[in-house]
Amino acid sequence: FCLSLYSKYYDRPKAGWPFAVRSLGCCSYPPHTRNSMLKHPFHHWIDKNGRVLDTLTLVHVVKGTGTFRSKPSGKFLAKAGDVLFAYPGVRHWYGFVPKTGWNDEWLEIEAEGALSILSEAGVSPEMPVLRQCSSRVVSAAFQSLFDLSMAESDVGLLAAGAYRVLASVLSSHAVSDK
């Protein structure tokens with residue numbers, strides 16, 4: 001789907017939504033590309049020291065390699081099939097390795113309940129990655145969410161699509177663990 005870049009940012013939903021999309025998108029950076037990931041809207045601005053968001057963001061590495069770092073997790077290599085989680089209130093930074101480039105898909109959500117689900121799956125600020133998820137399954141869920149986004153769907157449909165992405169990540173990871 002993502003030939004170069006798609007991103008969309010959403011306003012905070014009305015009170016009462018237990019699961020809401022704040023932003024979503026995808027990027028494709030060929031090998032030996034300059035890192036332009038530092039270009040974000042002011043409310044998501046990132047620099048060499050990273051950024052802190054008040055939401056949960058998951059990043060699916062579709063192709064290539066990159067790095068992720070935060071104080072709780074330290075720095076680690078991220079590879080195709082990995083899903084990274086940037087936790088609310090935690091300064092983080094991630095980006096691709098110029099030698100390999102990468103394609104990624106991301107979803108930023110307001111979902112307090114998602115944190116306990118992730119904890120049950122062994123994901124935490126100290127261990128913010130699920131390795132070797134099924135890129136086919138996760139990307140299909142992302143594609144459905146992108147389709148909803150482009151169709152200007154309401155917040156309820158977007159929330160359902162976002163929940164499907166999270167469920168696909170957790171389900172595909174559970175299958176790859178067996």
Side-chain angles (χ1 to χ4, degrees), residues 1-29 35-47 49-63 66 68 70 78 82-96 102-119 121 123-125 128-130 133 135 137-173:
F1 165 74
C2 193
L3 299 177
S4 60
L5 173 70
Y6 174 77
S7 66
K8 191 155 184 183
Y9 292 82
Y10 294 91
D11 294 330
R12 287 188 182 276
K14 294 179 181 174
W17 280 100
F19 207 93
V21 174
R22 291 299 304 281
S23 73
L24 64 112
C26 57
C27 295
S28 178
Y29 296 101
N35 190 341
S36 62
M37 295 178 78
L38 301 179
K39 298 175 182 174
H40 287 79
F42 75 93
H43 49 78
H44 283 69
W45 190 73
I46 188 169
D47 65 19
N49 296 314
R51 66 176 170 197
V52 178
L53 298 173
D54 61 354
T55 51
L56 176 69
T57 301
L58 63 100
V59 180
H60 175 223
V61 181
V62 178
K63 181 180 175 183
F68 180 96
S70 71
D82 291 350
V83 177
L84 313 169
F85 293 88
Y87 273 75
V90 175
R91 180 168 298 283
H92 67 278
W93 187 93
Y94 63 88
F96 63 92
W102 84 353
N103 294 13
D104 70 357
E105 303 165 314
W106 81 86
L107 171 61
E108 176 190 8
I109 56 175
E110 290 185 11
E112 289 296 319
L115 299 178
S116 62
I117 294 169
L118 291 175
S119 178
V123 180
S124 67
V129 62
L130 289 176
C133 295
S135 284
V137 170
V138 174
S139 288
F142 264 103
Q143 181 61 55
S144 177
L145 183 57
F146 295 146
D147 291 345
L148 287 170
S149 172
M150 287 181 228
E152 301 294 330
S153 296
D154 71 18
V155 295
L157 286 174
L158 287 170
Y163 191 83
R164 179 179 174 209
V165 169
L166 181 60
S168 296
V169 167
L170 295 172
S171 175
S172 72
H173 176 70

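We count residues from 1, following the sequence as given.
- Val59 places none of its side-chain heavy atoms less than 4.5 Å from the side chain of Phe85.
- The neighbour count for Asp154 CG, taken as heavy atoms of other residues, nucleotides or ligands under 6.0 Å away, is above 12.
- Counting all heavy atoms, side chain and backbone alike, Cys26 lies closest to Phe146 at CB-CZ, 4.0 Å.
- Across Leu56 and Ala114, no two heavy atoms sit closer than the pair CD2-CB, 4.1 Å.
- Taken to the nearest 0.5 Å, the CD1 atom of Ile109 stands 8.5 Å off from the OG1 atom of Thr55.
- Counting heavy atoms from C-beta outward, Ile117 and Val123 have side chains that stay 4.5 Å or more apart.
- Using a 4.5 Å cut-off on side-chain heavy atoms (C-beta onward), Leu53 and Val90 make no contact.
- Side-chain N or O atoms of Ser153 include none that pairs as donor or acceptor with a backbone N or O of Ser149 at under 3.5 Å.
- In terms of the side chain to side chain contact (heavy atoms under 4.5 Å, CB included) criterion, residue partners of Ser144 (sequence neighbours excluded) are, by chain and number, Arg164.
- Pro88 and Leu115 make their closest contact through CD-CD2, 4.3 Å (heavy atoms, listed as atom of the first residue, atom of the second, distance).
- Among all heavy-atom pairs drawn from Trp106 and Leu5, the shortest one is CH2-CD1, 4.5 Å.
- Remark: Tyr87 OH is packed, more than 12 non-hydrogen atoms of other residues, nucleotides or ligands lying under 6.0 Å away.
- Partner of Leu58 under the side chain to side chain contact (heavy atoms under 4.5 Å, CB included) criterion, out of Leu130, Leu166, Leu84: Leu166 alone.
- Side-chain contact check for Leu24 versus Tyr9: every heavy-atom pair is 4.5 Å or farther apart.
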Check the pair Thr57 / His92 against side chain to side chain contact (heavy atoms under 4.5 Å, CB included), numbers first and verdict last. CA-CA 11 Å; Thr57 301; His92 67 278; 5.7 Å; no
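- Across all non-hydrogen atoms, the minimal contact from Leu148 to Leu157 is CD1-O, 3.5 Å.
- No side-chain heavy atom of Val62 sits under 4.5 Å from any side-chain heavy atom of Asp104.
- In this structure, Phe96 and Tyr29 have parallel ring planes: the angle between them is below the 30° cut-off, well short of the 60° mark.
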Please determine whether side-chain hydrogen bond (donor to acceptor under 3.5 Å, both in side chains) holds for the pair Glu108 and Ser23, giving the CA-CA distance in whole Å, both sets of side-chain angles, and the decisive distance to 0.1 Å. CA-CA 5 Å; Glu108 176 190 8; Ser23 73; 2.7 Å; yes
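- Between Asp82 and Phe68 there is no side-chain heavy-atom pair separated by less than 4.5 Å.
- In this structure, Glu152 pairs ionically with Lys8, as a charged nitrogen and a carboxylate oxygen lie closer than 4.0 Å.
- A donor-acceptor pair under 3.5 Å is formed between the side chain of Ser139 and the backbone N or O of Ser135.
- Nearest heavy-atom pair across Tyr94 and Arg51 is OH-NH2, 3.7 Å.
- With contacts defined as side-chain heavy-atom distances shorter than 4.5 Å, the pair Val83/Val129 does not qualify.
- With a 4.5 Å cut-off on side-chain heavy atoms, Val137 and Ser168 count as touching.
- In this structure, His60 contributes its side chain and Val138 its backbone to no donor-acceptor pair below 3.5 Å.
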